[in-house]
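Worth saying up front: this structure is predicted, and the values here are computed from it rather than measured.
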Amino acid sequence: MSQLSFKGHTVIVTGAGGGLGKTYSLLYASRGANVVVNDVSQAAAQKVVDQITQAGGKAVVNTSSVTDGEAVVKTALDAFGGVTILINNAGILRDKGFRNMTDQEFDQVLQVHLKGAYSCTKAVWGIFRKQKFGRIVNTSSAAGLYGNFGQANYSAAKMGLVAFTKTLAREGAKYNINATAIAPIAASPMTETVMPPELLKHIQPEFIAPFVAAVTHPDGPDANGKVFELGAGYVAEIRWERSKGAIFKTDASFTPSAVKEKWSVITDFSNPDYPQSVTDFDHEAVLETARKLPPNPQSTPEVRFDSKTVIITGAGQGLGRAYALMYGRLGANVVVNDVSEKGANAVVDEIIKAGGKAVAAVSSAEDGDAIVKVALEKFGGVHVLIANAGILRDKSFAAMTEPEWDAVLAVHLRGTYKCAKAVWPIFLKQKYGRIVTTASQVGIYGNFGQANYSTAKAAILGMTRSLAIEGKKYGIIANTIAPSAGTAMTSTVWPQEMVNAFKPDYIAPIVGFLSSEANTETSGKLFEIMGGWAAQTRWQRAGGHGFPVNKPLTPEAVISKWDIITNFDDGRATHPSTTQESFQQLAENFSNVENSDPYADPEDSELVAKAKKNVPESVEFSYADKDVILYNLSIGATEKERQWTFEGDEEFSALPTFGVIPQFQASGGISLDWLPNYNPAKLLHGEQYLAIKAPIPTSGNLVNEARIVEVLDKGKAAAVTSVVETKDKDTGKVIFENQSTVFIRGAGGFGGKRAGKDRGAATAANTPPQRKPDAVVEEKTLSQQAALYRLNGDLNPLHILPEFAAVGGFDKPILHGLCFFGFAGKHVFKSFGPYKDVKARFAGVVYPGETLVTEMWKEVQCPDEICK
């Protein structure tokens with residue numbers, strides 16, 4: 001495919017002073033984009049901008065905090081008049097064990113990663129909607145997907161961005177706004193603080209940026225709402241996989257003991273589903289099935305909570321109340337937390353009247369210490385935390401206000417953090433604890449109008465998984481549920497019949513088992529629960545594709561492997577559940593080294609393979625105006641064609657086939673004496689392909705790099721094809737590519753392969769059409785034409801010495817094939833204008849003084865010609 005261009009696009013990259021952000025900025029600028037380089041470090045951002053502008057690109061600095069998205073976007077509007085792409089990349093680390101993590105360290109990470117992404121996205125959203133185009137990439141992490149030790153804050157932020165992305169994708173689709181989440185691993189100033197140097201060298205950001213460019217291009221693949229893991233040249237999509245789960249009869253027999261009895265069914269992934277939205281579930285069928293079931297069998301001994309103290313936040317009504325009443329019935333001491341004193345006390349009274357023990361803790365869930373203090377003062381300890389408190393502030397992202405975003409994140413995420421933080425030292429000391437946190441199907445799949453809620457719920461999942469990892473050695477188990485139940489909160493968005501059918505009581509038994517002593521193994525997991533049905537949900541990763549680590553990755557290469565990157569059905573899909581398992585497949589790609597010799601061929605004989613390894617030294621070629629004139633004259637240009645023969649002419653230029661001249665010495669320097677019975681007098685020029693890769697300078701310093709491409713054993717002869725790349729010595733830009741095939745009579749029989757491979761235009765047959773030529777040019781060569789052409793650097797005596805020509809079986813010296821190749825190329829140029837490449841097959845010899853006839857056909861802007 002042609003190279004993707006971002007000309008006309010303006011890209012904002014946050015955190016672009018180094019690492020991934022810098023690499024994104026450089027790549028976008030190199031592809032023609034205007035780039036806003038955002039970083040809090042003025043010096044770092046300016047250095048990136050200078051690098052871009054010195055290379056001819058366009059970029060400006062912005063040093064605003066990402067939490068001031070309006071200021072970031074204003075820079076783009078002021079400098080470039082618009083914005084089309086946003087890369088939310090800015091981030092910080094404040095890694096610390098959960099026991100020692102401060103509120104400030106938790107808040108700072110969420111502020112930069114989550115609030116920053118929200119603020120910048122909010123600032124571009126109206127622009128994207130109005131212009132009906134926008135691309136957003138949010139940066140998650142394996143720590144967010146799977147949790148990680150010492151990164152509860154970071155894991156929360158990074159998982160939150162996944163659901164934020166999925167919700168943006170749903171809301172933006174009708175406006176051609178696409179949002180994609182990536183979980184990259186790459187060397188950066190941030191990761192350098194936590195990763196060893198030997199690892200960092202394998203995970204360069206240059207393996208991430210091409211993917212991001214590919215998914216943000218208007219013609220890129222569909223990555224809307226999708227999540228990808230990538231690093232070290234490996235790329236794979238991940239998606240949610242859900243077990244079929246178990247359905248329980250929703251009567252008094254639906255207890256934690258019944259859940260324990262069917263736990264293996266809940267976690268059975270033998271016939272999974274792959275839901276993509278909250279609606280991918282037949283809730284009515286579940287309810288109907290549940291009603292028809294017999295009473296649920298119970299495990300023994302009964303799951304109970306005698307002598308255990310359970311804290312439940314948001315327990316004044318709805319789910320929290322159902323949990324509290326269940327724990328009270330099963331012997332627990334229950335701490336009923338709610339901001340409503342009336343609601344909390346009412347539930348406490350219900351528990352006590354039923355013979356249970358309970359106390360109210362009236363406070364915000366963000367005051368975890370106060371809640372735990374009530375538990376300690378009343379019951380002397382705490383063993384279980386059910387983080388349930390929540391609010392809704394649903395609005396479309398376009399209409400959502402910053403206070404509405406902040407309020408939902410505070411109650412759900414920060415409240416869960418503060419309560420977990422308050423119980424953590426107690427759990428560590430007693431080497432026992434159970435935590436159940438509350439996510440939502442919206443947090444798993446995203447949902448229109450709930451960017452704040454979905455983000456908060458997913459963030460809770462990321463944090464909980466980190467707590468499960470940190471708590472494992474201390475007997476602390478932490479899990480997350482995504483319940484759907486009719487409550488005061490959901491009644492604002494659900495129809496009343498659904499509220500009535502999905503009672504909170506149908507969620508409580510799952511929570512009870514997960515938080516009990518009976519659960520000794522399940523931790524860090526996610527469960528969807530609704531109407532008597534419960535299932536486990538986990539990540540599935542496509543087999544993905546590993547690109548060679550010794551070859552620069554390009555957006556075009558990513559797109560070429562898109563079907564593999566996103567293929568979950570080829571038998572290679574995996575189910576990583578930890579950052580270590582996730583990294584394993586990336587690490588396996590460290591050794592994915594593409595053969596450093598692109599011309600190596602397993603079909604080659606040992607003789608040929610050895611010859612290909614002999615790489616000639618590069619050959620320099622310098623030329624000036626007179627050399628161009630000499631070439632033009634040697635292929636028939638006249639004194640009247642001053643654009644080719646007078647250096648002072650305004651249109652002075654080299655004829656296109658001049659491209660064969662700089663490579664003469666390089667191609668002629670390829671040794672062929674390794675062939676059996678090699679005789680240079682028996683060498684014939686068979687084919688020539690010339691590709692003109694850039695405008696031809698009329699003077700310059702070039703470098704030629706030659707290699708053997710292919711060697712065929714034709715029995716009585718050998719066919720050797722070589723390639724020469726001619727580059728500008730100063731810039732390295734390729735000006736010409738020549739592929740030459742020569743036949744050496746009598747040099748075959750060495751056991752090599754007989755048929756060549758398709759090399760595109762270089763091997764195309766180009767059979768002339770079955771009609772009269774569209775143009776015909778005749779031109780008589782000079783008797784001294786061969787001698788004149790030799791002045792271009794042709795050192796073959798076959799073209800000047802009669803005795804040497806006689807050894808080759810010719811009556812007299814012949815004209816160099818590239819000489820009449822040049823005549824034919826000139827005829828095409830004069831008849832049809834400029835061309836990008838030209839190929840010739842030499843079917844006979846031409847003697848100086850003979851007349852050349854070039855017959856030409858023009859088809860699909862590509863002339864075919866025969867010169868004879």
I'd like to know if the side chain of [X] and the backbone of [Y] have a donor-acceptor N/O pair within less than 3.5 Å.
| X | Y | answer |
| --- | --- | --- |
| S141 | A183 | no |
| N153 | R94 | yes |
| T579 | N148 | no |
| R541 | S582 | yes |
| W240 | D273 | no |
| S243 | Q536 | yes |

Practice task
Report, as yes or no, whether the 6.0 Å neighbourhood of atom CD on E284 holds more than 12 heavy atoms from other residues, nucleotides or ligands.
Solution key: no
Would you kindly check if the NZ (Lys) or CZ (Arg) of [X] is within the cone defined by 45 degrees around the ring axis of [Y] and under 6.0 Å from the six-membered ring centre?
| X | Y | answer |
| --- | --- | --- |
| K308 | Y432 | yes |
| K262 | F248 | yes |
| K122 | F397 | yes |

Just wondering, do [Y] and [X] contact through their side chains at under 4.5 Å, heavy atoms?
| X | Y | value |
| --- | --- | --- |
| D107 | R414 | yes |
| W263 | N519 | no |
| S140 | K158 | yes |
| V336 | I351 | yes |
| R242 | F281 | yes |
| T121 | L168 | yes |
| P294 | K249 | no |
| V382 | F427 | yes |

Do [X] and [Y] have a side chain donor and acceptor closer than 3.5 Å?
| X | Y | answer |
| --- | --- | --- |
| Y417 | D103 | yes |
| S396 | E171 | no |
| S340 | D338 | no |

Does [X] come within less than 4.0 Å of [Y], counting only side-chain N to carboxylate O?
| X | Y | value |
| --- | --- | --- |
| R291 | E288 | yes |
| R304 | D306 | yes |
| K115 | E402 | yes |
| K418 | D367 | no |

Problem - Step-by-step side-chain contact (heavy atoms from CB on, under 4.5 Å) determination, F379 to K357 - result: CA-CA 9 Å; F379 300 118; K357 301 175 183 177; 4.2 Å; yes
Hey, can you pull the donor-acceptor pairs under 3.5 Å for the side chains in residues 435-443, sequence neighbours left out?
| from | atom 1 | to | atom 2 | distance (Å) |
| --- | --- | --- | --- | --- |
| T437 | OG1 | T464 | OG1 | 2.7 |
| T437 | OG1 | T480 | OG1 | 3.0 |
| T438 | OG1 | A387 | O | 2.7 |
| S440 | OG | V442 | N | 3.0 |
| Q441 | OE1 | S484 | OG | 3.1 |
| Q441 | NE2 | E528 | OE1 | 2.6 |

Using side chain to side chain donor-acceptor pair (under 3.5 Å) as the criterion, list what pairs up with [X], not counting sequence neighbours.
| X | answer |
| --- | --- |
| K395 | E404 |
| T139 | none |
| E341 | none |

Exercise for the section: Take I481 and V511, measure what side-chain contact (heavy atoms from CB on, under 4.5 Å) needs, and give me the verdict at the end. Expected result: CA-CA 8 Å; I481 61 166; V511 174; 3.5 Å; yes
Ignoring hydrogens, what is the shortest heavy-atom contact between [X] and [Y]? Give both atom names and the distance.
| X | Y | result |
| --- | --- | --- |
| S257 | V303 | OG-N, 2.8 Å |
| K421 | F98 | NZ-O, 2.5 Å |
| S277 | Y445 | CA-CB, 3.7 Å |
| M400 | Y118 | O-OH, 3.9 Å |
| S155 | S466 | OG-OG, 2.8 Å |
| L413 | A459 | CD2-CB, 3.6 Å |

Practice task
Mind checking side chain to side chain contact (heavy atoms under 4.5 Å, CB included) for L376 and listing every partner two or more places apart, or none if nothing turns up?
Solution key: V372, I426
Problem - H412/T416 under side-chain contact (heavy atoms from CB on, under 4.5 Å): CA gap, chis, key distance, verdict - result: CA-CA 6 Å; H412 289 272; T416 299; 5.6 Å; no
Exercise for the section: Could you note down all residue pairs passing salt bridge (Lys or Arg N to Asp or Glu O under 4.0 Å) where residues 161-170 supplies at least one of them, sequence neighbours left out? Expected result: none
Practice task
Could you check whether the rings of W405 and F164 sit parallel, tilted or perpendicular, using 30° and 60° as the cut-offs?
Solution key: perpendicular
Practice task
Measure the CG-CG distance between D394 and L392 for me, rounded to the nearest 0.5 Å.
Solution key: 4.5 Å
Practice task
Determine, step by step, whether I391 and Y453 satisfy the side-chain contact (heavy atoms from CB on, under 4.5 Å) criterion, reporting the C-alpha distance in whole Å, the side-chain angles of both residues, the deciding distance to 0.1 Å, and the verdict.
Solution key: CA-CA 8 Å; I391 60 171; Y453 185 70; over 6 Å; no
Practice task
Please confirm whether Y474 and W424 have ring centers closer than 6.0 angstrom.
Solution key: no
